[in-house]
Amino acid sequence: MWVRRAFTLPALVVVTSLWLLLLPLTLVVAVGVDLVRGGPWPVVRCVVYLAIYLVSEVAGVAGAGVVWLTSGPWLGGSRERFLARNVALQSWWANLLYRAAEQVFRLRTVVEGDHVVVPGPILLFVRHVSQADTLLPVVYVTRRHGIALRFVLKEELLWDPCLDIVGRRLPNAFVRRASSETEREIASVQRLMGDLGPHDGVLIYPEGTRYTPAKRRQVLDKLATRVPPDLLARATRLRHVLPPHLAGPLALLECNPGADVVFCGHTGFEPAGSPREILGGALVGATIRVRFRRVPYAAVPPKTPERVIWLYEQWQHLDDWLDEVYPPSG
């Protein structure tokens, strides 16, 4: 951890300083590129947003330092107060980045049913199609409704300084994908279910990675030799989402003390799944639609085989909603 931070923290300061120093020149170049290519100034918008992101990262790291100095465990204060201040810092940081993205890229966000996330505790199963969608739960669940989320995230995200510092302070699980120590990774996920209160939730991305049509084909090819025909048929019917990875969600459901399950579906980020597409203007003017749906704990089957079918049925429900919002073009 300290070796990583010895690299990432100085690198953040250096990159941010250089980017701000060169920002006038970079903007001139970006304007020239956009004038030649035409369109809604996508390169200029990306240059501006990257500056906002870098400054936000530095501010987040500085804020983490302030939290440590004013309420760190070394002062003898309560752990609850320390965690609450880190959750507040996390939600401020995520909200700043998302609202900035709305302004810079002229995004319109339409949210349906977010009131169902309260009361906690909840399990939050979220669709994943873009790095930008990772901000949605913090903005519309934690910041808006006060539900402190415990995240199941990939270990690579620890290279983000803010996530590394604040994320490690909070009860999150950073797991290694394709790890040979499966039991250890599952145990770290299940520990998140301990001591859940009415203002807590556990979040996981059941797809395990960002959806793309190419990844969907790859996943289906793998499942063709690994799952029974009836489950493969269910996976094949999912057109706009990846078939859920079962290990993480089932691990959470296995030790669930009674939390309802909330499903978060969203659409609008699909055209901007890569930096190249964003630079091409795919995100500008997009409408982001978000929908929350709550399933009572009593409706979740008690046994694993039935839970697998249930999870696929819930994911099909999400897929059907996506089909309604953006019908296939043929």
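Since the model is a prediction, treat every value here as computed from it, not as a measurement. Both backbone and side-chain heavy atoms feed into the values below; hydrogens, waters and symmetry mates do not.
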Exercise. Start with the C-alpha distance between V116 and R293, add both sets of side-chain angles, then the distance that settles side chain to side chain contact (heavy atoms under 4.5 Å, CB included), and finish with yes or no.
Key: CA-CA 7 Å; V116 305; R293 186 173 62 88; 6.0 Å; no

Distance from [X] atom [atom1] to [Y] atom [atom2], nearest 0.5 Å?
X    : Y    : atom1 : atom2 : value
R176 : E156 : CZ    : CD    : 10.0 Å
N256 : R307 : CG    : CZ    : 8.0 Å
H240 : D320 : NE2   : CG    : 8.5 Å
R85  : S71  : CZ    : OG    : 4.5 Å
L252 : R150 : CG    : CZ    : 11.5 Å
I309 : E313 : CD1   : CD    : 7.0 Å

Might you point out which heavy atoms bring [X] and [Y] nearest each other, and give the distance in Å?
X    : Y    : result
P161 : E57  : CD-OE1, 3.3 Å
G39  : P42  : C-CD, 4.3 Å
L89  : G63  : CD2-C, 3.6 Å
S188 : E185 : OG-O, 2.6 Å
W92  : R143 : CA-NH1, 3.5 Å
V126 : P137 : CG2-CG, 4.3 Å

Exercise. Evaluate the ring planes of F269 and Y98, with Trp represented by its six-membered ring, and classify them as parallel (under 30°), tilted (30 to 60°) or perpendicular (over 60°).
Key: perpendicular

Practice problem: Using the six-membered ring wherever Trp is involved, compare the ring planes of Y205 and H128 and label them parallel, tilted or perpendicular (cut-offs 30° and 60°). | Solution: tilted

So, using salt bridge (Lys or Arg N to Asp or Glu O under 4.0 Å) as the criterion, who are the partners of [X] when residues are at least two apart?
X    : value
E207 : none
R144 : D114
R168 : none
R5   : D164

Give the cluster check for [X] versus [Y]: same hydrophobic cluster or not, with ILVMFWY residues linked at side-chain heavy-atom distances below 4.5 Å.
X    : Y    : result
L153 : V141 : yes
Y297 : L123 : no
L124 : V118 : yes
Y53  : L22  : no
V14  : L9   : no

Atom [atom1] of residue position [X] - does it have more than 12 heavy atoms of other residues, nucleotides or ligands inside 6.0 Å?
X    : atom1 : answer
H145 : NE2   : yes
R108 : CZ    : no
Q103 : CD    : no

Practice problem: Might you work through the side chain to side chain contact (heavy atoms under 4.5 Å, CB included) test for T26 and W19, ending with a clear yes or no? | Solution: CA-CA 8 Å; T26 308; W19 190 255; 3.8 Å; yes

Exercise. Evaluate side chain to side chain contact (heavy atoms under 4.5 Å, CB included) for Q131 paired with L157, printing each intermediate quantity in order.
Key: CA-CA 11 Å; Q131 285 300 109; L157 290 175; 4.0 Å; yes

Are side-chain heavy atoms of [X] and [Y] found at a separation under 4.5 Å?
X    : Y    : value
P40  : R106 : yes
P271 : E277 : no
V261 : W310 : yes
V55  : L20  : yes
L163 : L158 : no
W68  : I165 : no
V138 : N95  : no
V43  : R37  : yes

Self-check item: Trace of the side chain to side chain contact (heavy atoms under 4.5 Å, CB included) decision for W93 with V166
Solution: CA-CA 11 Å; W93 177 80; V166 178; over 6 Å; no

Is there a donor-acceptor pair under 3.5 Å between the side chain of [X] and the backbone N or O of [Y]?
X    : Y    : value
D133 : S130 : yes
W315 : L242 : yes
H266 : R127 : yes
Q190 : A251 : yes
T16  : V13  : no
R216 : T236 : yes
T142 : I147 : yes

Practice problem: Output all residues satisfying side-chain hydrogen bond (donor to acceptor under 3.5 Å, both in side chains) with R294, sequence neighbours left out; order by chain, then residue number. | Solution: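 side-chain hydrogen bond (donor to acceptor under 3.5 Å, both in side chains) check on R294 returns D260.
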
Self-check item: Test side-chain hydrogen bond (donor to acceptor under 3.5 Å, both in side chains) applied to R169 - qualifying residues, sequence neighbours left out
Solution: N86

Would you list the atom pairs, donor with acceptor, under 3.5 Å between side chains in residues 220-234 and any protein atom, with sequence neighbours excluded?
residue : atom : partner : partner atom : Å
T225    : OG1  : K222    : O            : 3.3

With [X] via side chain to side chain contact (heavy atoms under 4.5 Å, CB included) - residues at least two apart:
X    : value
R217 : P213, A214
P121 : L196, A259
I52  : V48, S56, A100, V104
V66  : T70

Quiz item: With the threshold set at 4.0 Å, does a side-chain nitrogen-carboxylate oxygen contact exist between R289 and E324?
Solution: no

Self-check item: Residue list, ring pair (Phe, Tyr, Trp, His ring centres under 6.0 Å) with F151, at least two apart or on another chain
Solution: none

